[in-house]
Amino acid sequence: MNSRNDCSKFNLNSLIRENILNIYPYTSARIEHKKKQESIFLDANENSFGSPLSFYNFYNRYPDPLQIQLKNKISELKNISISNIFIGNGSDEIIDIIYRIFSRPGVDHSIIFPPTYGMYEVSGRIHGINVIKIPLTMDRYQLNIEKIENSINQYSKIIFICSPNNPTGNDILEQDIENILNNFSGIVVLDEAYIDFSKKKSFSNKIDQYPNLIVLQTLSKSWGLAGIRIGIGFASKEIIEWMNKIKFPYNINILSQEVAIQALENKDLYFYHLKSILKERKYLEENFKKISFITKVYPSSTNFLLVKIHFLSKKVYQYLIKNQIFVRDRSKIILCNDCLRITVGTRYENQLLVKKMIQYSLLIKNKL
Ligand SMILES: *Cc1c(COP(=O)(O)O)cnc(C)c1O
């Protein structure tokens, strides 16, 4: 037992780096005072005449630093108060901000469970944070709870759990996530980038229950908006306030805020695309099972499939590239030997992929 193996000892301020605790955030006249539509803005050195664009717009103005309109939309959609919502320039920015708030370079460490999303480690290393890796279990890609408990010490600040996990595609067991939330007095980041493709429920509505929980979601996957870079963090009001204090003041540009609001209003098309992806995932699963060199199709709660291709993964990967089809080679990643990660495409794309795979299997059959 040690100081971080007991979540009743959770104390937010004791986790925050000293330089952050003592920070005076950047402010602007507009953040401090209520503005009106008809106000005259001569405070931020913007161009009052506008941009050279030919259509009417407000792009000469700095964006809303707290993205209130967009947060209201997300709040409505997720049934979570806007004081519990943070918006980042992609989830990647939120991961970076979490490291900045909590981790002392050269002193603290984070804990991750490979094979998993690469940014938890990259971002940690950029900040000079040691990243402790405890691999998922070999058989089911689940958390190794006993090993995790034994590695936690006073320098463990952040635990990253990715569920559904990338690149393995499976959900992490709810009871294991809760076990960690209940027994760790540091910060638990639960990355739910793929939750909309899963049958499991999001933990976003449990942020009141767990003061140590930060849930990450994104508009990059199920919402089809990877290009506008909108990541979402759900957490206690206190954690969100710290995030707001240290983020770049204008981290989300006007264009992204506007486009996100428009997209979030079109739920019908969102659900239509979501249903299509699930249907196509099934199509691929069924067809992959007919391809001789694919030895395993892992169950997926995401918009991709992890497949095992015994001895031939590199060759298949290269054959597909030669045919202008790009998938992700994960064959060198721990516990993913000989695996490719394949994103679900449209029916046209999936048919072409399957066709090329069949061609390749005939090619090797003839060679044997
Ligand atoms: C794709 C992905 C994200 C999304 O990152 P953004 O910066 O929001 O585009 C986050 N986490 C995981 C595990 C992902 O696979």
Side-chain angles (χ1 to χ4, degrees), residues 114-119 135-142 162-172 193-200 218 220-227 271-368:
T116 193
Y117 187 49
M119 282 311 288
L136 296 172
T137 58
M138 226 143 71
D139 50 343
R140 294 248 142 94
Y141 294 139
Q142 291 298 331
C162 188
S163 181
N165 187 43
N166 176 8
T168 58
N170 61 296
D171 300 292
I172 301 298
Y194 299 96
I195 192 69
D196 297 334
F197 303 107
S198 169
K199 293 195 175 106
K200 290 282 184 289
T218 179
S220 295
K221 307 287 158 63
S222 63
W223 284 93
L225 292 168
F271 279 117
Y272 176 72
H273 289 158
L274 188 63
K275 266 201 347 221
S276 305
I277 290 169
L278 297 180
K279 196 170 121 203
E280 289 307 310
R281 186 175 82 196
K282 201 159 174 215
Y283 171 86
L284 278 183
E285 266 174 328
E286 282 163 5
N287 280 279
F288 283 169
K289 282 179 184 157
K290 297 181 205 152
I291 290 168
S292 56
F293 56 71
I294 295 184
T295 46
K296 183 160 186 181
V297 182
Y298 290 84
S300 171
S301 298
T302 64
N303 65 340
F304 59 81
L305 287 167
L306 188 72
V307 299
K308 206 185 225 355
I309 298 178
H310 220 43
F311 301 122
L312 285 171
S313 62
K314 265 253 130 63
K315 291 243 166 73
V316 173
Y317 176 71
Q318 254 130 29
Y319 184 79
L320 291 175
I321 287 183
K322 250 194 348 209
N323 286 280
Q324 289 299 315
I325 298 175
F326 294 86
V327 300
R328 191 91 153 110
D329 180 8
R330 301 280 78 185
S331 59
K332 293 282 174 294
I333 302 280
I334 179 174
L335 299 181
C336 290
N337 290 340
D338 307 318
C339 285
L340 300 179
R341 192 195 68 193
I342 301 174
T343 307
V344 174
T346 61
R347 177 58 60 98
Y348 168 78
E349 293 168 332
N350 297 334
Q351 270 173 341
L352 208 63
L353 170 73
V354 170
K355 189 174 140 197
K356 290 295 162 192
M357 283 184 163
I358 292 170
Q359 270 179 17
Y360 189 70
S361 65
L362 294 175
L363 209 74
I364 51 174
K365 205 166 151 195
N366 292 336
K367 269 195 207 158
L368 288 176

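This chain uses plain numbering: 1 for the first residue, then up along the sequence.
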Might you point out which heavy atoms bring [X] and [Y] nearest each other, and give the distance in Å?
{"X": "Tyr319", "Y": "Leu363", "result": "CE1-CD2, 4.2 Å"}
{"X": "Ser222", "Y": "Phe197", "result": "CA-CZ, 3.5 Å"}
{"X": "Arg140", "Y": "Asn170", "result": "O-ND2, 3.6 Å"}
{"X": "Thr302", "Y": "Pro164", "result": "CG2-CB, 3.6 Å"}
{"X": "Cys339", "Y": "Leu306", "result": "CB-CD1, 3.8 Å"}
{"X": "Ile172", "Y": "Cys162", "result": "CG1-O, 3.5 Å"}

To the nearest 0.5 Å, what is the distance between [atom1] on [X] and [atom2] on [Y]?
{"X": "Asp196", "Y": "Ile277", "atom1": "CG", "atom2": "CD1", "value": "10.0 Å"}
{"X": "Leu278", "Y": "Ser198", "atom1": "CG", "atom2": "OG", "value": "10.0 Å"}
{"X": "Asp338", "Y": "Lys332", "atom1": "CG", "atom2": "NZ", "value": "8.0 Å"}
{"X": "Leu274", "Y": "Trp223", "atom1": "CG", "atom2": "CH2", "value": "9.5 Å"}
{"X": "Arg328", "Y": "Ser331", "atom1": "CZ", "atom2": "OG", "value": "11.0 Å"}
{"X": "Tyr298", "Y": "Cys336", "atom1": "OH", "atom2": "SG", "value": "7.0 Å"}

Starting from the C-alpha separation in whole Å, work towards a yes-or-no answer on side-chain contact (heavy atoms from CB on, under 4.5 Å) for Lys200 and Ser163.
-> CA-CA 9 Å; Lys200 290 282 184 289; Ser163 181; over 6 Å; no

Min side-chain heavy-atom separation Leu305-Glu285 under 4.5 Å =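 In short, these two side chains touch, coming nearer than 4.5 Å.
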
Aromatic rings Phe304 and Tyr194: how do their planes relate, parallel, tilted or perpendicular, breaks at 30° and 60°?
->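 Rings of Phe304 and Tyr194: perpendicular, over 60°.
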
Sole candidate of Asn166, Thr168, Asn165 that passes side chain to side chain donor-acceptor pair (under 3.5 Å) when paired with Thr116 |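 Of the listed residues Asn166, Thr168, Asn165, the side chain to side chain donor-acceptor pair (under 3.5 Å) partner of Thr116 is Asn165.
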
Counting only N and O atoms by type, is there a donor-acceptor contact under 3.5 Å from the side chain of Arg330 to the main-chain atoms of Pro167?
->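 Not confirmed, Arg330 side chain does not pair with Pro167 backbone.
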
So, Thr218 side chain and Ala193 main chain: donor-acceptor pair closer than 3.5 Å or not?
->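 No, the answer is negative, given that no donor and acceptor are paired below the 3.5 Å cut-off.
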
Scan the side chains in residues 347-358 for donor-acceptor partners under 3.5 Å anywhere in the protein, sequence neighbours excluded, and list what turns up.
residue	atom	partner	partner atom	Å
Arg347	NE	Glu280	OE1	2.9
Arg347	NE	Glu280	OE2	3.0
Arg347	NH2	Glu280	OE2	3.1
Glu349	OE1	Thr346	N	2.8
Glu349	OE1	Thr346	OG1	3.3
Asn350	OD1	Gly345	N	2.9
Asn350	ND2	Glu280	OE1	2.9
Asn350	ND2	Gly345	O	2.9
Asn350	ND2	Thr346	O	3.1
Lys356	NZ	Asn323	OD1	3.4
Lys356	NZ	Gln359	OE1	3.4

Side chains of residues 307-314: which donor-acceptor pairs under 3.5 Å do they make with residues two or more places apart or in other chains?
residue	atom	partner	partner atom	Å
Lys308	NZ	Asn337	O	2.8
Lys314	NZ	Asp329	OD2	2.9

Crowded around Phe326 CZ? As in, over 12 foreign heavy atoms under 6.0 Å?
->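 Enclosed: over 12 neighbouring heavy atoms sit under 6.0 Å from CZ of Phe326.
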
Show your working on side-chain contact (heavy atoms from CB on, under 4.5 Å) between Leu335 and Met138 and close with a plain yes or no.
-> CA-CA 7 Å; Leu335 299 181; Met138 226 143 71; 3.5 Å; yes

